[in-house]
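First the structure, in the form of structure tokens, and then the observations on it.
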Amino acid sequence: MADLPGYVRTCLDTGKLVFLAILVSGGIVLQILACALYNNWWPMLSAITYVILPMPLLFFAGSDDSIFAETDNSWVNFTKFLTGFSTIGSIAIPCILKHAGLICWGALAMELSSFFVFVLAIMCFIGMNNDDGYSML
């Protein structure tokens with residue numbers, strides 16, 4: 001992409017940003033619809049994990065090491081553990097609520113699809129963010 005004019009690169013970067021915004025907005029809409037359509041706000045409990053999920057990365061992962069690299073740094077390993085724990089919690093909370101009979105199958109499907117839309121947005125962000133050297137991941 002180095003041979004493209006600057007205005008074309010800017011347009012492509014803006015398109016990537018718009019795509020990520022649409023994905024995140026779609027995940028939020030699915031999260032809210034899972035609650036509003038069934039008049040049951042218990043599924044919003046899994047939104048707490050979406051807020052907690054980036055916290056270990058912000059607090060414990062330094063910009064020195066990549067989060068995907070093998071390391072002996074205990075803080076990076078602790079970060080990986082907490083991030084994995086929060087990710088599993090994002091899937092487990094709606095499943096537990098369904099098992100307890102607090103939500104129905106439609107709300108569970110919307111919650112899980114919301115999670116996978118958020119995962120897709122994160123994976124696209126990581127893929128798009130490899131272009132610069134300022135990434136924490």
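Scanning all heavy atoms of the two residues, the minimum distance from Gly26 to Val117 falls at C-CG1, 4.3 Å. Nearest heavy-atom pair, Thr87 versus Thr83, reported as atom, atom and distance to 0.1 Å: OG1-O, 2.7 Å. In this structure, Val24 and Ala121 approach most closely via the heavy-atom pair CG2-CB, 4.0 Å.
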Steps toward side-chain contact (heavy atoms from CB on, under 4.5 Å) verdict (Met55, Leu82): CA-CA 9 Å; Met55 294 304 166; Leu82 286 179; over 6 Å; no
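Pairs of residues two or more places apart, or lying in two chains, never qualify as ring-ring contact (aromatic ring centres under 6.0 Å, His included) while including a residue from residues 81-108. Pairs of residues two or more places apart, or lying in two chains, never qualify as ring-ring contact (aromatic ring centres under 6.0 Å, His included) while including a residue from residues 15-48.
Judged purely by atom type and a 3.5 angstrom limit, Ser25 has no side-chain atom pairing as donor or acceptor with the backbone of Ile22. Counting only distance, with no hydrogens or angles, the side chain of Ser114 and the backbone of Met110 share no donor-acceptor pair below 3.5 Å. Using a distance-only test at 3.5 Å, with no hydrogens or angles considered, a donor-acceptor pair links the side chain of Ser46 to the main chain of Pro43.
With rounding to the nearest 0.5 Å, the separation of CD1 in Ile103 from CG in Leu45 is 10.0 Å. Here the OG-CG distance, from Ser90 to Leu112, works out to 10.5 Å after rounding to the nearest 0.5 Å. Taking CD1 of Ile48 as the reference point, atom OG of Ser86 lies at 11.5 Å (rounded to 0.5 Å). Rounded to the nearest 0.5 Å, atoms CD (Glu111) and SG (Cys35) are 6.0 Å apart. From Thr49, atom OG1 reaches atom CZ of Phe115 across 8.0 Å, with rounding to the nearest 0.5 Å. Distance check: Leu30 CG to Leu37 CG gives 10.0 Å after rounding to the nearest 0.5 Å.
Scanning for ring pair (Phe, Tyr, Trp, His ring centres under 6.0 Å) contacts around Tyr50 gives Phe118, with sequence neighbours left out.
Criterion: ILVMFWY side-chain heavy atoms under 4.5 Å apart, direct or through other members. Under it, Leu97 and Met44 are part of a common hydrophobic cluster. When hydrophobic clusters are built by joining Ile, Leu, Val, Met, Phe, Trp and Tyr residues whose side-chain heavy atoms come closer than 4.5 Å, directly or via intermediates, Leu120 is not grouped with Ile88.
The shortest distance between side-chain heavy atoms of Lys16 and Leu20 does not fall below 4.5 Å.
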